[in-house]
Asker: 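After the C-alpha cells below, expect a handful of questions from me.
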Amino acid sequence: MRLKLRKEFFPFYSKSKLINHNTNHNYLTRHYRQLHSPAADLSAPATATKTTTDLVSLTRHYATCYWQLSKARLSMLVVATSGTGFVLGSTSAVDLSALSWTCMGTMMVAASANSLNQVFEVKNDAKMKRTSRRPLPSGRISIPHAVGWASSVGLGGTALLATQANLLAAGLAASNLVLYAFVYTPLKQIHPVNTWVGAVVGAIPPLLGWAAASGDICLNAMILPAALYFWQLPHFMALAYMCRDDYAAGGFKMYSLADESGRRTALVALRNSIYLIPLGFLAYDWGVTSEWFCLESTALTLAISAAAFSFYRDRTREKARRMFHASLLYLPVFMSGLLIHRRSDNQQPLEDNAKSFMKSSSSAETIELEDENGNQKMERQSNRRQARPPVAYASAAPFPFLPAPSYNVP
Ligand SMILES: CC(C)=CCC/C(C)=C/CC/C(C)=C/COP(=O)(O)OP(=O)(O)O
C-alpha cells in the first residue's frame with residue numbers, strides 16, 4: 001500500500017531531488033523520508049489511520065500547489081468579471097444555473113492559463129522575490145505534473161462551457177488561454193508591448209460571460225471589456241513600477257524598465273485612466289444602465305485619474321502604490337455599480353428595433369397615386385423604413401462614436 005502511494009504521488013521525483021530542495025518543500029522531504037525509512041520498511045503493515053493521515057496531507061499538499069498554480073485569487077477576479085458580463089448580457093431574469101456553469105468553466109480555463117504561464121516562466125519566477133516561492137520554482141511540484149493539471153482543467157473547462165453555455169463562450173475562453181499562455185507570456189521576455197496584449201486578455205472574460213448569457217455579442221457588451229482594458233494599464237504600470245528591480249532580475253521587458261524617470265510610465269497610466277471617463281456615459285446612453293451609474297462611474301474614474309495624475313507629478317514608489325490601491329478599489333466598485341444600475345432590458349431595444357425594422361420593411365402601406373392618364377389609383381408602397389432609436393443604430397454603425405446620420409427615409 002505504501003509503495004503504491006509513493007508511486008502514485010511522487011512519480012516525477014527522484015530521492016535526491018526531493019532531499020536537496022530548499023525549505024519550501026520540507027513537507028515533501030519529510031514525507032518521502034518517512035516512506036523510505038528502514039523503520040517504515042520493517043514496520044508492521046500500515047494502519048488504516050496512518051494511511052488516511054498520509055492521504056490527507058498529500059491531498060492538502062497538492063491542493064495548495066494547484067491553488068497557487070492557478071493563481072486562484074486572480075482567477076476568482078476573472079470569474080467575477082465573467083459573471084458580471086453574464087448578468088449584464090441576461091435579458092430579464094438571470095439563469096442562475098447557467099451562471100454557475102459559466103463561472104465554473106471560466107475558473108477552470110483561467111486556472112489552466114495561469115498554470116501554463118507558470119510552467120513557461122519557471123526560471124524567471126525563480127529569480128524574482130515576488131514569485132520565487134511559487135510551487136514550480138520552489139520544487140513542490142514537477143513540470144509534467146503542472147502540465148497535466150493545466151491540460152485537464154483547461155480541456156474540462158472548455159468542454160463545460162461548450163456543453164453548458166455555448167460554443168461562442170467556449171471559443172472565447174480557449175482563444176484567451178492561447179493568447180495569455182502562448183502570446184502574452186513569451187512576449188513578456190521580448191517586448192514591453194506585452195502589457196497591452198495582457199490588457200486584451202483581461203478584457204475577454206466579461207465578453208465570454210455576455211456571450212454565454214445571450215449567445216452573441218453586440219456593442220452593449222463592450223462596456224465592461226473596455227473598462228477592464230483601460231483599467232489594466234494603470235494597474236499594471238503601477239505594479240511594474242513598484243517591482244522594477246524584481247522584473248529586471250526576472251528578465252522581463254516591462255515598459256517601466258526602459259523609462260528611468262518613470263514619466264512615460266505615469267503618462268500611460270494617466271492617459272488610460274482618462275479613457276475610462278466616457279464609459280459611464282456610454283453605459284447609460286446605450287441603455288445598459290440607468291443614469292445613476294453615469295454619475296457614479298464618473299466620480300470613480302475621476303478618483304483613479306487623480307491618483308494617476310498625482311503619480312505623474314511625483315513619481316515615487318509611494319505614489320505608484322497609491323495608484324495601485326486606487327485601481328484595486330476601482331474594479332469591484334465599477335462592477336457593482338454596473339450590476340446595481342443595470343437595465344435588464346438592455347438588449348430589448350436592439351431586438352425591438354430589429355423586429356420593428358423587419359415589420360416596416362415587409363409591411364406595405366396603401367397610398368393614393370395618380371397614373372400617367374390622371375386617373376386615381378391605389379398602390380401599395382413597401383419598404384418604408386421606420387426611424388430606429390440611436391442604440392440600435394449605434395450597434396450597427398462601424399464608427400459608433402461619430403454622430404449618427406439621419407436614418408429616416410423620406
Ligand atoms: C478565460 C481565461 C483564459 C481567462 C484568463 C484571464 C487571465 C489569466 C487574466 C490575467 C491577465 C494578466 C495580464 C495577468 C498578469 O499576468 P503575469 O504573467 O504578468 O503575472 P505574474 O507576473 O504574477 O506571473
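Note that the structure is a prediction, hence the values are computed from the model and not measured. Read the numbers this way: they start at 1 and go in the same order the structure lists the ligands and their atoms.
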Asker: Has Ser256 got a side-chain atom pairing as donor or acceptor with Ala240's backbone, closer than 3.5 angstrom?
Answerer: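 Looks like yes, one N/O pair under 3.5 Å.
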Asker: Does a side-chain heavy-atom distance below 4.5 Å link Val87 with Thr84?
Answerer: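 A side-chain contact is absent here, since even the closest heavy-atom pair is not under 4.5 Å.
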Asker: So which protein heavy atom does atom 9 (C) of ligand 1 come closest to, and at what separation?
Answerer: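 In this structure, atom 9 (C) of ligand 1 has Val201 CG1, 3.9 Å as its nearest protein heavy atom.
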Asker: Check each atom of ligand 1 against the heavy atoms of Glu121 and keep those under 4.0 Å away; list them by number with element.
Answerer: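 Counting from 1, the qualifying ligand atoms are 24 (O).
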Asker: Name the closest protein heavy atom to atom 18 (O) of ligand 1, giving the residue it belongs to and the distance to 0.1 Å.
Answerer: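 I find the closest protein heavy atom is Lys188 NZ, 2.8 Å.
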Asker: Are there over 12 heavy-atom neighbours, none belonging to Phe120, within less than 6.0 Å of that residue's CZ?
Answerer: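 For Phe120, atom CZ is crowded (more than 12 foreign heavy atoms under 6.0 Å).
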Asker: May I ask whether Met128 places a heavy atom under 4.0 Å from ligand 1?
Answerer: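 Checking ligand 1 against Met128, which is what was asked, there is no heavy-atom contact under 4.0 Å.
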Asker: Give the C-alpha distance, both sets of side-chain angles, the deciding distance and a yes or no for side-chain contact (heavy atoms from CB on, under 4.5 Å) between Asp125 and Arg130.
Answerer: CA-CA 8 Å; Asp125 280 352; Arg130 186 173 66 87; over 6 Å; no
Asker: Going by the atom numbers of ligand 1, which of them fall below 4.0 Å from some non-hydrogen atom of Gly198?
Answerer: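 Checking each atom against Gly198, I get 13 (C).
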Asker: Checking a contact table here: which protein heavy atom is nearest atom 6 (C) of ligand 1, and how many Å away?
Answerer: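 Atom 6 (C) of ligand 1 sits closest to the protein heavy atom Val78 CG2, 3.7 Å.
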Asker: For Asp95, what residues pass the salt bridge (Lys or Arg N to Asp or Glu O under 4.0 Å) criterion, not counting sequence neighbours?
Answerer: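 Residues passing salt bridge (Lys or Arg N to Asp or Glu O under 4.0 Å) with Asp95: none at all.
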Asker: State the atoms of ligand 1, each with its element, that fall below the 4.0 Å cut-off from a heavy-atom position in Tyr180.
Answerer: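 Selected atoms, number and element: 8 (C), 12 (C), 14 (C), 15 (C), 16 (O), 17 (P), 18 (O).
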Asker: Going by the order shown, which atoms of ligand 1 are within less than 4.0 Å of some heavy atom of Ala173?
Answerer: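 Listed by number with element: 3 (C).
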Asker: Mark the output for Tyr184 as yes if a heavy-atom distance to ligand 1 is under 4.0 Å, and as no if none is.
Answerer: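 It does, in that a heavy atom of Tyr184 comes within the 4.0 Å cut-off of ligand 1.
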Asker: What are the atoms of ligand 1, with element, lying closer than 4.0 Å to any heavy atom of Asn117?
Answerer: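 Numbered from 1, ligand 1 contributes 18 (O), 24 (O).
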Asker: For Asn114, counting its heavy atoms only, list the atoms of ligand 1 lying under 4.0 Å from any of them.
Answerer: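 Near Asn114, meaning under 4.0 Å from one of its heavy atoms, ligand 1 has 8 (C).
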Asker: Are Tyr247 and Tyr241 near enough that their ring centres are under 6.0 Å apart?
Answerer: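 Centroid distance Tyr247-Tyr241: not below 6.0 Å, so no.
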Asker: Under a 4.0 angstrom heavy-atom cut-off, which atoms of ligand 1 come close to Leu177?
Answerer: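 Reading through ligand 1 atom by atom, the close ones are 3 (C).
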Asker: Checking contacts here: is it the side chain or the backbone of Asp125 that comes within 4.0 Å of ligand 1, counting heavy atoms only? Could be both or neither.
Answerer: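 No part of Asp125 is near ligand 1 at this cut-off.
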Asker: Among all the protein's non-hydrogen atoms, which is closest to atom 2 (C) of ligand 1, and how far away is it?
Answerer: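 Result: Asn176 ND2, 3.7 Å.
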Asker: Output yes when a side-chain donor or acceptor of Ser310 lies under 3.5 Å from a complementary backbone atom of Ala306, and no otherwise.
Answerer: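 Not at all, since once roles are kept as given, no pair shorter than 3.5 Å links the two residues.
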Asker: Check ligand 1 against Arg130 and write out every atom of the ligand that is under 4.0 Å from a heavy-atom position of the residue.
Answerer: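 Checking each atom against Arg130, I get 21 (P), 22 (O), 23 (O).
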Asker: Return yes or no for this condition: an N or O of Lys71 is under 3.5 Å from an N or O of ligand 1.
Answerer: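 Min N/O separation from ligand 1 is below 3.5 Å for Lys71.
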Asker: Work out whether the distance between some heavy atom of Arg134 and some atom of ligand 1 is less than 4.0 Å.
Answerer: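 Heavy atoms of Arg134 do come under 4.0 Å of ligand 1.
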Asker: Any side-chain heavy-atom pair from Ile141 and Tyr66 closer than 4.5 angstrom?
Answerer: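 Yes, close enough: below the 4.5 Å cut-off.
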Asker: Measuring centre to centre across the rings, with the benzene-like ring taken for any Trp, is Trp101 within less than 6.0 Å of Phe86?
Answerer: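 No; Phe86 has its ring centre 6.0 Å or more from that of Trp101.
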Asker: Consider ligand 1: state whether an atom of it lies below 4.0 angstrom from any non-hydrogen atom of Gln118.
Answerer: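 Gln118 does not count as a contact of ligand 1 under the 4.0 Å cut-off.
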Asker: Contact between Phe334 and Phe293 at the side-chain level, heavy atoms closer than 4.5 Å - yes or no?
Answerer: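 Of all side-chain heavy-atom pairs linking Phe293 with Phe334, at least one is under 4.5 Å.
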Asker: Would a distance-only check, ignoring hydrogens and angles, find a side-chain to backbone donor-acceptor pair under 3.5 Å from Asn124 to Gly251?
Answerer: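 Checked: no pair found.
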